[in-house]
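Structure record follows, encoded as structure tokens.
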Amino acid sequence: MDVLASLTPAQRTAVLHVDGPLLVLAGPGSGKTRVVTHRVAHLLQQGIPARHILALTFTNKAAEEMRQRLARIAPRESVWMGTFHAFCAKTLRIHAAMAGLTENFSIYDTSDSDKALKQAIADVNVNLTGTSPERIRSIISWAKNQLMSPDDFQPRSGNAAGELARRIYPEYQRILVSNNAVDFDDLLMHVAIMLRENPELRGSLDERYRYILVDEYQDTNAAQYAIARALSIDHPNLAATGDPDQSIYGWRGADINNILDFEKDFPHVQVVRLEQNYRSTKNILRVADQLIANNRKRKHKALFTDNPAGEPVRLVAYPSERDEADSIAQQIAAAVRTGKRQARDFAIFYRINALSRQLEQSLRRFNVAYQVVKGVEFYQRKEVKDVLAYLHLLNNPRHDVAFFRIVNTPSRGIGPATLAKVREFALQRGLSMLEASRQIDSLNGRARKALARFLAVYERLSDHLAGSLEELMRKTVWESGYLEYLESSDYEEDVQRVANVQELLTAAGEFDDHHPGDNALERYLENVSLASDTDDFDLESDQVSLMTMHSAKGLEFPVVYVVAAEQGLLPHERSRHDETQLEEERRLMFVALTRAEHELQISYAQKRMFRGEQRHTVPSSFLMELPREEMNVIQPNVGWHEPPWEEKSWDDGDISFDINSFDDDDTPQVKETPATKPAFKLTTAAQMAGGASAVGVSPDQFQTGMLVHHPEYGPGTIASLSGKDKKRTATVQFFSGEEKRFQLSFSPLTPMKAR
DNA sequence: ATTCGCAAAGTTTTT
DNA sequence: CTTTGCGAAT
């Protein structure tokens, strides 16, 4: 296999790089995965043993894709590829004792961790008024990402929530360790800390993993950075690939500076820029590129493509969210009906999950198949968690969260009072809940009997630990009485639950088939814990994909719709006032736009029903940053959609409008603005004043016809001006349709200058 | 022990 | 408009 076949010079440079640090700045659609896999194949060809190579990704899906692609060009080579978390779990199993754990430790998912946290809050008896468990959780998470143990963590003085977290964190961590459990952050933190504090271990792992590849490096957090760094000292062959412009997880602790400072961190680094895009049309790429050019915190990249220009990107203003959803559904239905495209060619992206509902409704009405990524997840369902909790407790008898979950499920008459006594006993003796249940002798007859019944079930199941996973699970749902309990129910939802349990059993059987060998239970549970729901959504089936813009990363679709480009939603309200967060929102939109191969439509609704109330919207400020002269800007006729005939037409199932059909044979009921609008760029008053304060910008700068932006009402043009000096007043016609008057010396109006 | 009802809150979520 | 959690009521 020629690993260099059909590579561009830049790609070839990256693939041929062997020793020393390497930074691959890969723009969207630049063939990054291909480069990475070919580079691994090349390393192998150079005689480097597979065991010395480590490829770290952020998602199981990315790891799986890499694995498959490598299998094609270098079959029979087993390079370890997986997520950071899976790698840390594997490492931590071997060195569990160093973190006070045993090899069979459990990985707590978010809900397990929440329960442990609640317990911790109750234990230290603090008053959370003025803050929330979520806040505490995020502070603790932050501390762990910074590799601060409970002893190290010192909040800034005067930070009330931080002070509470300082008191809760030690108890939370004590619970985790005594449960022989870790949360997601711990997986990284434990490994990072043991690498930091144990030079011998660090050296031996560095020696073992001589060639490390980290994908999506722009999304690494401090702990992941520390791990990658620690393993690249004696063998500094760290290859980072990523794109600063696609860093969208800053709010989760990812530090974009890791990639921006890579060249400082690793001297003599070879930097390769992959700037040619093989995915999108020229028009799409140009729009995305111009948007992201507004970010300050980035490394310059000159994106280009040899692909055709394609259709202009559409920017559509719909009267309402319903019009938006219906129009999109109608467009898709028409394209599918005429055979022009398949449903799977389409994706719809939104900023928040709550926006999927309207789109789903419309797609259903137009009979378009779709899948949503991802609301309620399989492994989060009650019945699935219940069954898995039995297995968790069998694998790790100290898993108290699992114990509490199943001890009375199905109900055996073990109530809160009994459990409180058991926990008290457990705390005094330093026992797990399970062990305390065995030893406690101070319970009344009834409670004692009930608890004994549960313990008997547990002991019986323990006998099957040596068998196959499926057999163990089957015994579990049977012996525990859980399946019986579900089947005896008349509720419709319990029928579905039985089916889900069956599905779980089937999956267990498949796991047995694919993972023969020892420790099936432990490996299965780890797999489940580290699985995510975006992993298994189905790109193959013929359905339209609906997802948040975050979930869209790494994917591509022939036709993409980005909806609800409105202030408050995109950028999101809580990011609006912070420049750093605003840039992240812009990157998020950049990611969304660059998913599109052939067609891209960006839209907003002029009014939107949100949280039960009808609101006027303001178009996203990002829309002002797009090259409108090259786009197809579409404004619907105001008022055409008003009742009564709107309602009526739906009842007939007769689609009586076609707000933006682009087929020539249809008559669009919208007026299309020809591409004559000048491009304009948002310029703040401060910039116009040469960096000085915005206050005192002369009202003289405003002229009739000028494009202006208002933080509340959005963009518009000055219809007329009157008055003098301080009283000079502008009447502004906003794009949202509203007209307002402002005294220029007091209003937050910003001029936008034509370019 | 389950069910009901009301109040409160409501980003994004690779693991 | 929704979902969720807690306390009261059966």
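By convention in this document, chain letters (A, B, ...) are assigned in the order of the sequence lines, proteins followed by strands, and residues within each chain are numbered from 1. Just the heavy atoms: all of them, side chains too, but no hydrogens, waters or symmetry mates, feed the values below.
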Nucleotide nearest [X] (side chain, heavy atoms from C-beta), chosen from [options]:
| X | options | result |
| --- | --- | --- |
| A:K553 | B:dT14, B:dT12, C:dC6 | B:dT14 |
| A:S411 | B:dT11, B:dA1, C:dT2 | B:dA1 |
| A:T59 | B:dT11, B:dT14, B:dT12 | B:dT14 |
| A:R357 | B:dT11, B:dT13, C:dT2 | C:dT2 |
| A:D219 | B:dT14, B:dT12, C:dC6 | B:dT14 |

Checklist entry - Between A:H572 and B:dT11, do the rings stack, that is, sit under 5.5 Å apart with planes less than 30° off each other? => result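 Yes, the aromatic ring of A:H572 stacks with the base.
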Donor-acceptor pair, [X] side chain versus [Y] backbone, under 3.5 Å?
| X | Y | result |
| --- | --- | --- |
| A:D185 | A:N145 | no |
| A:T37 | A:R34 | yes |
| A:Q224 | A:N221 | yes |

What is the distance, rounded to the nearest whole Å, between atom [atom1] of [X] and atom [atom2] of [N]?
| X | N | atom1 | atom2 | answer |
| --- | --- | --- | --- | --- |
| A:R586 | B:dT11 | CZ | P | 23 Å |
| A:L486 | B:dT2 | CG | P | 13 Å |
| A:L569 | B:dG10 | CG | C1' | 12 Å |
| A:K382 | C:dT3 | NZ | P | 19 Å |
| A:D185 | B:dT14 | CG | C1' | 13 Å |
| A:R574 | B:dG10 | CZ | P | 6 Å |

Next on the checklist: For the CZ atom of A:R137 and the CG atom of A:D183, what is their distance to the nearest 0.5 Å?
Outcome noted: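 Nearest 0.5 Å value for the CZ-CG distance: 7.0 Å.
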Would one find a side-chain N or O of [X] under 4.0 angstrom from OP1 or OP2 of [N]?
| X | N | answer |
| --- | --- | --- |
| A:S551 | B:dT12 | no |
| A:T57 | B:dT14 | no |
| A:N353 | B:dT13 | yes |

Using the [atom1] atom in both, what is the distance from [N] to [M], to the nearest Å?
| N | M | atom1 | answer |
| --- | --- | --- | --- |
| C:dG5 | B:dT12 | P | 15 Å |
| B:dT14 | C:dT3 | C1' | 25 Å |
| C:dC6 | B:dT11 | C1' | 25 Å |

Checklist entry - Ion pair present between A:K118 and A:D114, side-chain N to carboxylate O less than 4.0 angstrom? => result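 Salt bridge between A:K118 and A:D114, a charged N being under 4.0 Å from a carboxylate O: no.
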Item to check | Residues A:R93, A:E103: salt bridge by 4.0 Å N-O rule | outcome: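 A salt bridge is absent here (no side-chain N lies under 4.0 Å from a carboxylate O).
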Next on the checklist: Quick one, A:Y217 and A:D243 - any side-chain contact, counting heavy atoms below 4.5 Å?
Outcome noted: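 Counting from C-beta outward, A:Y217 and A:D243 never come under 4.5 Å.
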Checklist entry - Starting at the 5' end of DNA chain B and moving along, which residue's nearest nucleotide shows up first, A:N408 or A:R611? => result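 Looking at the nearest nucleotide for each, A:N408 comes out on the 5' side.
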Next on the checklist: Counting only heavy atoms and a strict 4.0 angstrom limit, can you tell me which residues of residues 246-259 of chain A come near DNA chain B?
Outcome noted: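 Under 4.0 Å from DNA chain B: A:Y249, A:W251, A:R252.
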Next on the checklist: Working note: A:M66 + A:D215, criterion side-chain contact (heavy atoms from CB on, under 4.5 Å); need CA distance, chi angles, decisive distance, verdict.
Outcome noted: CA-CA 10 Å; A:M66 220 180 261; A:D215 196 22; 4.0 Å; yes
Checklist entry - Using a cut-off of 4.0 Å on non-hydrogen atoms, how would the nucleic acid contact of A:R351 be classed: base, sugar-phosphate, or nothing? => result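 Contact class for A:R351: base.
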